[in-house]
Amino acid sequence: MRSRGGRTAAGRNGLRAAARPTGPVAALLGAACLAACVSCAKDDILDSAVHDRARDYLRTVAEGAPPTAYYGDCGGRRNDSAHDALADEGAGFGFALTGSVESGDSADINVSVTGRDGAPTSYVLDLHRENGTWYVCGVDEGSVDLGGAG
């Protein structure tokens, strides 16, 4: 019995089997799909109010605008010059959030910043939530251990 495209069901199944990658090709395709899924998952994880606030802060600093609106009381340790840690990166630096850990009203966000020298440098942003708004309390070179978190 013939159907779609003039092929029998057995013929279509044979074509499907022939088109399926096997061996090293299948392994490479599987690894690529897994990497893409992990990357998508990480982007989804880093998409919350605290991450949006961190991105807005970093964009403001990269543009050379004063980031004072991003600084809060921070439990009595307000730091209106936290952005000075990024001064060596130069105006217009690029950045990517690479991971974060959040606990209650505190969060640490690891950031990779690529400045005028073209080399990425790791920083950690310390943020605290006050009255529902996230504020930057510190910027330090380095990163925090995420303990398996993304």
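Residue indices begin at 1 and follow the sequence shown.
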Decide side chain to side chain contact (heavy atoms under 4.5 Å, CB included) for W134 and E102; before the verdict, give the C-alpha distance in whole Å, the side-chain angles of both, and the deciding distance to 0.1 Å. CA-CA 12 Å; W134 287 98; E102 184 179 336; 3.5 Å; yes
Just do the side chain to side chain contact (heavy atoms under 4.5 Å, CB included) check on Y70 and T60 with the steps written out, would you? CA-CA 9 Å; Y70 294 92; T60 299; 3.4 Å; yes
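- Here the rule is side-chain contact (heavy atoms from CB on, under 4.5 Å) with H51, and of L125, D56, L46, L127 only L46 fits it.
- Put simply, the side chain of Y57 gets close to the backbone of H83: a donor and an acceptor are under 3.5 Å apart.
- Judged by distance alone, the side chain of E130 and the main-chain N or O of D73 form a donor-acceptor pair under 3.5 Å.
- L86 is listed as a side-chain neighbour of F93, based on a closest heavy-atom distance under 4.5 Å.
- Within the model, atoms CG of L58 and OH of Y123 stand 10.5 Å from one another, a figure rounded to the nearest 0.5 Å.
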N/O donor-acceptor pairs under 3.5 Å from side chains in residues 105-113, not counting sequence neighbours:
from, atom 1, to, atom 2, distance (Å)
D105, OD1, R129, NE, 2.9
D105, OD1, R129, NH2, 3.2
S106, OG, H128, ND1, 3.1
N110, OD1, V144, N, 2.9
N110, ND2, V144, O, 3.0

Could you go through E141 and S122, starting from their C-alpha distance and side-chain angles, then the distance that decides it, and tell me whether this counts as side chain to side chain contact (heavy atoms under 4.5 Å, CB included)? CA-CA 6 Å; E141 194 167 335; S122 295; over 6 Å; no
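- Here the side chain of R53 pairs no donor or acceptor atom with the backbone of V136 at under 3.5 angstrom.
- D117 is not listed as a side-chain neighbour of D88, based on a closest heavy-atom distance of 4.5 Å or more.
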Would F95 and R59 count as a side chain to side chain contact (heavy atoms under 4.5 Å, CB included) here? Give the steps. CA-CA 9 Å; F95 65 88; R59 280 188 204 107; 3.9 Å; yes
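- Listed for the R78 side chain is a donor-acceptor partner under 3.5 Å among the backbone atoms of Y71.
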